[in-house]
Asker: 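Attaching a single structure in structure tokens format; questions to follow.
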Amino acid sequence: MDLALLRTFVTVHRAGSFTRAAALLGLSQPAVTSQIRTLERQVGRPLFLRQARGVTPTTIGDELAHKAAPHLDALVEIAESGLEEDSSLRTLHLAGPPEFTAERALPALTELTGEDGHGFALRASFGTADEVLEGLAAGHHDLAISTVRPRGALLSATALCDEEHVLVSAPGWAERIGMATLRLRGPAALERVPVVEVHESLPFVARYWASVFDSRPVCPGTVVVPDLRAVLACATAGAGLAVLPRYLCAGALERGDVLALYEPTVPPLRTYFLAVRTGTLAMPHIARAHEWLERAAADWC
């Protein structure tokens, strides 16, 4: 059986689409369709059921993928390991949310870009959870950091770490609100306090209110900026209250630039996932970066 046909088959099986598989393989869709038909003739059974959106593997297709995929991944690992000596051939493409990627992931990976004979070039891009996962599925990225766990066989994900969310404001607002008043009245004490957020829908504040106060925020969104680092800067300047990841505002809290307005017994958490295309961890530079981030994340929680 032709290994090229099996490689195309496994890619289609993981992608769930001839179109997406063609993009990942660098082939035309007719070429992928032709290869799958050839393999189906060799097997003597249909491997996929064609649907309006993509394809679904048959029982025979699932069995073949289960048997063939590990061996194909092993062959890729063998082939790729021979290229490790020339780091100039290796570029890691990482994607994730701007703040977490800039503050956490990129500093952790800098040691892997050195000239120790095993380094690689690094390219990073920022985007929303949906954007980075779509880019990963399309083959534009090698690793993606997302707050959404991907579904389907094409992408696999590992829980990386949890971030704690903190309700903060500049000392002036904390004094005007009154910590005792907030503990007594709860969210009602914050109804007239302006909010700094990353979007008009108040995603961080709404999530915090639902988790901690079991209610919806009625506070006005005064400043909306699409970056949590800018949210922190505005909150520090006195623009209003904000909900921020603790890792991002820890320094400001230590300096007293902002104060934690409320300390719930169980603080709201958000999980980050490290996602890859299934099978690509057979490539040494991706596997090394993946392992390195997992190790670094042990100190982030």
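Please read these numbers as outputs of a predicted model, since none were measured by experiment.
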Asker: Ignoring hydrogens, what is the shortest heavy-atom contact between L259 and A174? Give both atom names and the distance.
Answerer: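 Of all heavy-atom pairs spanning L259 and A174, the closest is CD1-CB, 3.8 Å.
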Asker: Answer whether the closest heavy-atom distance between the side chains of Y208 and P217 falls below 4.5 Å.
Answerer: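 No, every pair of side-chain atoms sits at 4.5 Å or beyond.
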Asker: Taking ring-ring contact (aromatic ring centres under 6.0 Å, His included) as the cut-off, I'd like each qualifying pair that reaches into residues 17-65, sequence neighbours left out, listed once.
Answerer: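 Counting only pairs at least two positions apart or across chains, the ring-ring contact (aromatic ring centres under 6.0 Å, His included) contacts touching residues 17-65 are F9-F48.
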Asker: Does this structure show an ion pair linking R50 with E40, if we count only N-O contacts that are shorter than 4.0 Å?
Answerer: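 Yes, R50 and E40 are salt-bridged.
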Asker: For E99, give me all partners under side-chain hydrogen bond (donor to acceptor under 3.5 Å, both in side chains), at least two apart in sequence or on another chain.
Answerer: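 If we apply the side-chain hydrogen bond (donor to acceptor under 3.5 Å, both in side chains) test to E99, skipping adjacent residues, there are no hits.
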Asker: Please confirm whether the backbone N or O of P267 pairs with a side-chain atom of E164, one donor and one acceptor, at under 3.5 Å?
Answerer: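 Pair absent, no side-chain N/O of E164 close to backbone of P267.
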Asker: With sequence neighbours left out, which residue pairs that include part of residues 255-274 fulfil the ring-ring contact (aromatic ring centres under 6.0 Å, His included) condition?
Answerer: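 Matches after skipping sequence neighbours: F100-Y272, F213-Y262.
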Asker: Is it possible for you to say whether I60 and L49 belong to one hydrophobic cluster, with membership spreading through side-chain heavy-atom contacts below 4.5 Å?
Answerer: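 The answer is no; the residues belong to distinct hydrophobic clusters.
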Asker: Does a side-chain heavy-atom distance below 4.5 Å link L167 with L190?
Answerer: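 Yes, at least one pair of side-chain atoms sits under 4.5 Å.
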Asker: Are L24 and V32 co-members of a hydrophobic cluster defined by side-chain heavy atoms under 4.5 Å apart?
Answerer: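 No, no single cluster joins them.
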Asker: Taking it one step at a time, do L92 and I286 satisfy side-chain contact (heavy atoms from CB on, under 4.5 Å)?
Answerer: CA-CA 7 Å; L92 181 80; I286 297 178; 4.1 Å; yes
Asker: A108: what forms a side chain to side chain contact (heavy atoms under 4.5 Å, CB included) with it, not counting sequence neighbours?
Answerer: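 Residues passing side chain to side chain contact (heavy atoms under 4.5 Å, CB included) with A108: L293, A296, W300.
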Asker: What distance do L133 atom CG and T128 atom OG1 have between them, rounded to the nearest 0.5 Å?
Answerer: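 Between L133 CG and T128 OG1, I get 8.5 Å after rounding to 0.5 Å.
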Asker: Would you mind reporting whether L27 and Q35 have side-chain heavy atoms less than 4.5 Å apart?
Answerer: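 Side-chain contact under 4.5 Å: yes.
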Asker: Looking only at heavy atoms, what is the nearest atom pair of C249 and L232, with distance?
Answerer: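 Reported closest heavy-atom pair: CB-CD1, 4.0 Å.
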Asker: Considering only heavy atoms from C-beta outward, does the side chain of R45 approach that of T58 to under 4.5 Å?
Answerer: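 Result no, sub-4.5 Å side-chain heavy-atom pair not found.
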Asker: Identify, with sequence neighbours excluded, every residue that meets side-chain hydrogen bond (donor to acceptor under 3.5 Å, both in side chains) alongside S125.
Answerer: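 Listed in chain order: nothing, the list is empty.
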Asker: With sequence neighbours left out, which residue pairs that include part of residues 253-264 fulfil the salt bridge (Lys or Arg N to Asp or Glu O under 4.0 Å) condition?
Answerer: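 Output for this query lists R246-E263, R255-D257.
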Asker: Side chains of E63 and T59: closer than 4.5 Å at any heavy-atom pair?
Answerer: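 Yes. Closest side-chain heavy atoms under 4.5 Å.
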Asker: Would a hydrophobic clustering, with Ile, Leu, Val, Met, Phe, Trp and Tyr connected at side-chain separations under 4.5 Å, put L269 with L160?
Answerer: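 Different clusters.
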Asker: Looking only at heavy atoms, what is the nearest atom pair of A260 and V168, with distance?
Answerer: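 For A260 versus V168, the nearest heavy atoms are CA-CG1, 4.3 Å.
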Asker: Mind listing the closest non-hydrogen atom pair of A287 and L281 along with its distance?
Answerer: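 Heavy atoms only, the tightest pair is CB-O, 3.3 Å.
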Asker: Might you point out which heavy atoms bring P107 and R104 nearest each other, and give the distance in Å?
Answerer: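 Reported closest heavy-atom pair: CD-O, 3.4 Å.
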Asker: Is there any salt bridge (Lys or Arg N to Asp or Glu O under 4.0 Å) pair reaching into residues 228-244, and which pairs are they, with sequence neighbours excluded?
Answerer: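 Pairs touching residues 228-244 that pass the test: D227-R229.
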Asker: T158 vs H290, test: side-chain contact (heavy atoms from CB on, under 4.5 Å). Steps then yes/no.
Answerer: CA-CA 10 Å; T158 303; H290 190 281; 3.8 Å; yes
Asker: As an exercise, state the distance from CG of L25 to OG1 of T11, rounded to the nearest 0.5 Å.
Answerer: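 With rounding to 0.5 Å, CG (L25) is 4.0 Å from OG1 (T11).
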Asker: Taking the side chain as every heavy atom from C-beta outward, state whether V231 and V225 have any pair of such atoms under 4.5 Å apart.
Answerer: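 In short, these two side chains touch, coming nearer than 4.5 Å.
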Asker: Work out which heavy atom in A242 is nearest to a heavy atom in A235; give both atom names and the distance.
Answerer: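 Shortest heavy-atom separation between A242 and A235 comes out as CB-CB, 4.1 Å.
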Asker: For E291, give me all partners under salt bridge (Lys or Arg N to Asp or Glu O under 4.0 Å), at least two apart in sequence or on another chain.
Answerer: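 R295.
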Asker: Apply side-chain hydrogen bond (donor to acceptor under 3.5 Å, both in side chains) to T56 and list each qualifying residue two or more places apart in sequence or on a separate chain.
Answerer: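 With sequence neighbours excluded, T56 shows a side-chain hydrogen bond (donor to acceptor under 3.5 Å, both in side chains) to Q51, given in chain and number order.
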Asker: Just jot down the side-chain hydrogen bond (donor to acceptor under 3.5 Å, both in side chains) partners of E175, sequence neighbours excluded, or say none.
Answerer: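 For E175 there are no side-chain hydrogen bond (donor to acceptor under 3.5 Å, both in side chains) partners, ignoring immediate neighbours.
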Asker: Does S34 use its side chain to pair, donor to acceptor, with the backbone of P30 at less than 3.5 Å?
Answerer: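 Side chain of S34 to backbone of P30, a donor-acceptor pair under 3.5 Å: no, none is there.
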Asker: So if you build clusters from Ile, Leu, Val, Met, Phe, Trp, Tyr with side-chain heavy-atom gaps below 4.5 Å, do L109 and V132 land together?
Answerer: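 L109 does not cluster with V132.
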Asker: Any chance you could measure E163, atom CD, to T271, atom OG1, to the nearest 0.5 Å?
Answerer: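 The OG1 atom of T271 is 9.0 Å from CD of E163, to the nearest 0.5 Å.
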Asker: Say you draw a straight line from CZ of R20 to CD of E134; how long is it, rounded to the nearest 0.5 Å?
Answerer: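 Separation between the atoms: 8.0 Å.
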Asker: For the residue pair V224 and V198, establish whether any side-chain heavy-atom pair is separated by less than 4.5 Å.
Answerer: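 No. Closest side-chain heavy atoms not under 4.5 Å.
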Asker: Once rounded to the nearest 0.5 Å, what's the spacing between atom CD of Q29 and atom OG of S17?
Answerer: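 The OG atom of S17 is 7.0 Å from CD of Q29, to the nearest 0.5 Å.
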Asker: Which donor-acceptor pairs under 3.5 Å do side chains of residues 139-157 form with protein atoms, sequence neighbours excluded?
Answerer:
| residue | atom | partner | partner atom | Å |
| --- | --- | --- | --- | --- |
| D142 | OD2 | H93 | N | 2.8 |
| S146 | OG | V148 | N | 2.9 |
| S146 | OG | V148 | O | 3.1 |

Asker: So, taking the atom named CG in L72 and the one named CZ in R7, what distance separates them when rounded to the nearest 0.5 Å?
Answerer: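 Nearest 0.5 Å value for the CG-CZ distance: 9.0 Å.
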Asker: Passes side-chain contact (heavy atoms from CB on, under 4.5 Å), T38 versus D2? Steps please.
Answerer: CA-CA 10 Å; T38 299; D2 191 335; over 6 Å; no
Asker: I would like to know whether H13 and V55 meet side-chain contact (heavy atoms from CB on, under 4.5 Å); could you show each step before the answer?
Answerer: CA-CA 8 Å; H13 185 272; V55 294; over 6 Å; no
Asker: Should F126 and L274 be regarded as members of a common hydrophobic cluster, given that ILVMFWY residues are connected when their side-chain heavy atoms come within less than 4.5 Å of each other, either directly or indirectly?
Answerer: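 No, F126 does not connect to L274 through the hydrophobic network.
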Asker: Determine the sole option in L112, T91, L106 for which the side chain to side chain contact (heavy atoms under 4.5 Å, CB included) test with L122 is passed.
Answerer: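 The residue from L112, T91, L106 that satisfies side chain to side chain contact (heavy atoms under 4.5 Å, CB included) with L122 turns out to be L106.
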Asker: Among residues two or more places apart or on two chains, list those pairs meeting ring-ring contact (aromatic ring centres under 6.0 Å, His included) that have a residue in residues 165-194.
Answerer: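 For residues 165-194, and leaving out neighbouring residues, the ring-ring contact (aromatic ring centres under 6.0 Å, His included) pairs sorted by first residue read H165-F204.
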Asker: Please examine the side chains of V12 and L47, heavy atoms only from C-beta on, and report whether any two atoms are closer than 4.5 Å.
Answerer: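 Answer no - side chains too far apart.
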